[in-house]
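So the structure is just underneath, and the comments pick up after that.
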Amino acid sequence: MARRLRFIGTDSKNGGCPAVHEDLHTGEIVVQGTPLTNPEDLAQLQHFSSGDAAVVVPRELLVNHGPKEIERVPKLIDLEEFGRLFETFAHTAWRLETRGGYASDREDPTYTEFVETGVITPDYDDEWSRNIRAQTAAGKTIGRVRIVDQPPTAGQLFLLTDAPRNAAAGEDMRYLWRRDAEARHLPTEDFWIFDSQLVARLNFDDDDVLLDVEVITEPAEVLRYCQVRDAAMHQAVPYEAFAAQVAEKG
């Protein structure tokens, strides 16, 4: 079975090697770099066998992107503390949404309305909208990119129909087809970035129920998520244009 690898980081300015990846199942680290092939160099390596391969990477790669702990202990916060992040962030909040649906959406009365009629009656004065209006009025920036399957799931179509409510509150709502996200090697993680300093990773079960929120503040890890944000934003389109694409595809 193929490994499930997650890109951790690179110091390359052009997106090439050297780079570091992590095996999400085993925790093993995969280092990508220039092969060491000179026989005289290989002869100096200790414990080097015929089945081994040696690569050369800058010291900075391991310092900046190598793991700092043998076992990573997640820092979890409850939903109340998570909610406060949307009131206390200083400058920017940004989300990548990657799932086919969310259990919390299916519990919303407007979801039933959407399934039955194909339309919804947005609540432009719900608690979320009131807070986002307050934050954007204070000069803060809030946005997200939603990754959508082809064809879209019912949950994704529901959120696309509800996107005008988010936009009316002040969010920059953008969309990206999953095939394009995969071509850009975007992760399947669902997360928020606050002020480019703190990442809140949302962990779900197989039924799309939010299990917990993991806070990440380690600089190299936060940088990786910021790079994901930049890659997603580069190709994502505003929700109005994406809705037109969906309608055109039928």
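One-based numbering along the sequence shown.
To the nearest 0.5 Å, atoms CG (Leu160) and CD (Glu240) are separated by 10.0 Å. Considering CZ of Phe191 and CG of Asn203, their distance stands at 12.5 Å, rounded to 0.5 Å. Separation of atoms CZ (Phe89) and NZ (Lys140) is listed at 5.0 Å; rounding is to 0.5 Å.
Checking each of Ile216, Ile193, Val215 against Leu198 for a side-chain contact (heavy atoms from CB on, under 4.5 Å) leaves exactly one that passes, namely Val215. A side-chain contact (heavy atoms from CB on, under 4.5 Å) with Leu176 is found for one member of Val145, Thr98, Leu96, Val148 and no other, namely Val145.
Between Tyr225 and Arg201 there is a side-chain heavy-atom pair separated by less than 4.5 Å. Counting heavy atoms from C-beta outward, Pro187 and Val228 have side chains that approach closer than 4.5 Å. Side-chain contact between Arg3 and His21: absent, with no pair of heavy atoms (C-beta onward) separated by less than 4.5 Å. The shortest distance between side-chain heavy atoms of Val246 and Tyr175 does not fall below 4.5 Å. The closest side-chain heavy-atom distance from Arg106 to Asp208 is below 4.5 Å. For the pair Phe114/Asp162, no side-chain contact is recorded, criterion being any heavy-atom separation below 4.5 Å from C-beta on. Contact check for Met173 versus Arg146: side-chain heavy atoms found under the 4.5 Å cut-off. Taking the side chain as every heavy atom from C-beta outward, Val31 and Leu61 approach each other to under 4.5 Å.
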- prompt: Would Val55 and Gln32 count as a side chain to side chain contact (heavy atoms under 4.5 Å, CB included) if you check the C-alpha gap in whole Å, the side-chain angles of each, and the deciding distance to 0.1 Å?
  reply: CA-CA 7 Å; Val55 299; Gln32 169 189 342; over 6 Å; no
task: Evaluate the side chain to side chain contact (heavy atoms under 4.5 Å, CB included) criterion for residues His91 and Ser196: first the C-alpha distance (whole Å), next the side-chain angles of each, then the deciding distance (0.1 Å), finally the verdict.
output: CA-CA 9 Å; His91 307 292; Ser196 297; over 6 Å; no
task: Start with the C-alpha distance between Tyr124 and Arg165, add both sets of side-chain angles, then the distance that settles side-chain hydrogen bond (donor to acceptor under 3.5 Å, both in side chains), and finish with yes or no.
output: CA-CA 6 Å; Tyr124 292 100; Arg165 177 181 62 87; over 6 Å; no
- prompt: Hey, mind stepping through Phe7 and Gln227 against side chain to side chain contact (heavy atoms under 4.5 Å, CB included) and telling me if it holds?
  reply: CA-CA 11 Å; Phe7 173 73; Gln227 291 171 336; 4.0 Å; yes
message: Checking Thr153 against Arg99 for the side-chain hydrogen bond (donor to acceptor under 3.5 Å, both in side chains) test, could you report, in this order, the C-alpha distance in whole Å, the side-chain angles of both residues, the deciding distance, and whether it holds?
response: CA-CA 10 Å; Thr153 68; Arg99 301 188 65 82; over 6 Å; no
- request: Could you give me the CA-CA distance, side-chain angles and deciding distance for Glu87 and Asn131, then say whether side-chain hydrogen bond (donor to acceptor under 3.5 Å, both in side chains) is met?
  value: CA-CA 7 Å; Glu87 300 173 356; Asn131 179 60; 5.4 Å; no
Chi angles and distances behind the side chain to side chain contact (heavy atoms under 4.5 Å, CB included) call for Trp192, Leu85: CA-CA 10 Å; Trp192 280 93; Leu85 292 175; over 6 Å; no
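Note on Arg84 versus Glu80: salt bridge recorded, some NZ/NE/NH1/NH2 to OD/OE distance being below 4.0 Å. Using a 4.0 Å cut-off between a side-chain N of Lys or Arg and a carboxylate O of Asp or Glu, Arg130 and Glu127 do not qualify as a salt bridge. Ion pair Asp125/Arg133 flagged as a salt bridge, since at least one NZ, NE, NH1 or NH2 atom sits closer than 4.0 Å to an Asp/Glu carboxylate oxygen. For Arg224 and Glu189, the salt-bridge test passes: some basic side-chain N is under 4.0 Å from an acidic carboxylate O.
Not one N or O on the side chain of Asp207 forms a donor-acceptor pair closer than 3.5 Å with the backbone of Val209. With Gln156 contributing its side chain and Asp149 its backbone, the two residues share a donor-acceptor pair below 3.5 Å. Using modelled atom types, no side-chain atom of Arg184 and backbone atom of Gln235 make a donor-acceptor pair closer than 3.5 Å. Here the side chain of Asp195 pairs no donor or acceptor atom with the backbone of Gln197 at under 3.5 angstrom. Side chain of Asn166 to main chain of Glu171: no donor-acceptor pair is present (N/O by atom type, distance under 3.5 Å, no hydrogens or angles).
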